[in-house]
Amino acid sequence: NKGGERNRTVFDLVSLSQTEIYYYALVKVYETSKYLLLFSSKAKAFIVDKSTIENGAVDEVRGKISAVLKGKYYICSY
């Protein structure tokens with residue numbers, strides 16, 4: 001169900017804050033070796049420590065967000 005996926009929040013999969021961010025509200029995401037930087041605007045980002053993602057579900061989070069953002073999910077390697 002694409003509509004259902006679209007309306008899920010990042011924090012359905014990541015429990016570390018009271019804040020909920022809907023996938024469709026993100027404008028871009030950068031992933032580093034330790035963090036996810038979730039941009040909800042050009043000037044506002046939420047920083048998620050990947051070690052706090054439950055059950056090692058980073059791959060699941062990456063897959064769900066990148067499916068919604070279609071090309072605005074960037075993996076940074078340095």
Side-chain angles (χ1 to χ4, degrees):
N1 178 344
K2 287 189 176 190
E5 261 324 293
R6 179 178 162 89
N7 290 324
R8 291 201 49 190
T9 67
V10 172
F11 295 106
D12 288 340
L13 299 170
V14 181
S15 67
L16 48 101
S17 173
Q18 297 291 329
T19 305
E20 289 188 354
I21 306 166
Y22 289 96
Y23 292 148
Y24 69 87
L26 297 173
V27 295
K28 65 183 168 185
V29 173
Y30 287 93
E31 178 180 347
T32 70
S33 59
K34 294 185 178 188
Y35 301 100
L36 293 173
L37 290 83
L38 310 170
F39 286 83
S40 58
S41 72
K42 288 182 178 182
K44 183 176 181 182
F46 295 89
I47 300 171
V48 178
D49 183 333
K50 289 171 33 177
S51 70
T52 64
I53 297 176
E54 294 181 344
N55 302 319
V58 174
D59 291 335
E60 184 179 356
V61 171
R62 181 186 305 115
K64 302 233 181 236
I65 296 172
S66 62
V68 172
L69 290 182
K70 302 196 190 318
K72 297 208 180 211
Y73 190 104
Y74 306 98
I75 298 176
C76 304
S77 55
Y78 46 89

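On a predicted model such as this, the values are computed, not experimentally measured, just so you know. Position 1 is the first residue of the sequence, and the numbers go up from there.
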Check ring pair (Phe, Tyr, Trp, His ring centres under 6.0 Å) between Phe39 and all other residues, then give those that pass, not counting sequence neighbours.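 Phe39: ring pair (Phe, Tyr, Trp, His ring centres under 6.0 Å) contacts with Tyr30.
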Would you check if Val29 and Tyr74 make a side-chain contact, meaning some heavy-atom pair closer than 4.5 Å?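 Side-chain contact under 4.5 Å: no.
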Please tell me if the side chains of Ile75 and Thr32 come closer than 4.5 Å, counting only heavy atoms from C-beta onward.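 Ile75 vs Thr32: side chains apart.
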What are the two closest heavy atoms between Val48 and Ile53, and how far apart are they?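 Answer, listing the atom of Val48 first, then Ile53: CG1-CG1, 4.4 Å.
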Heavy atoms only: give me the nearest Leu26-Leu69 pair and the separation to one decimal.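 Looks like O-CD2, 3.2 Å.
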Results of side-chain hydrogen bond (donor to acceptor under 3.5 Å, both in side chains) for Lys28 - residues two or more places apart only: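 If we apply the side-chain hydrogen bond (donor to acceptor under 3.5 Å, both in side chains) test to Lys28, skipping adjacent residues, there are no hits.
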Results of side-chain hydrogen bond (donor to acceptor under 3.5 Å, both in side chains) for Ser77 - residues two or more places apart only: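 Here no residue qualifies.
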Look up atom [atom1] in [X] and atom [atom2] in [Y], then write down how far apart they are to the nearest 0.5 Å.
X	Y	atom1	atom2	answer
Leu36	Ile65	CG	CD1	6.0 Å
Asp59	Lys64	CG	NZ	12.5 Å
Tyr23	Ser66	OH	OG	10.0 Å
Lys50	Ser33	NZ	OG	6.5 Å

Pairs touching residues 33-48 that satisfy salt bridge (charged side-chain N to carboxylate O under 4.0 Å, His left out), sequence neighbours left out: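 Qualifying pairs, neighbours excluded: none.
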Between Tyr73 and Glu31, do the side chains contain a donor N or O and an acceptor N or O under 3.5 Å apart?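 Yes.
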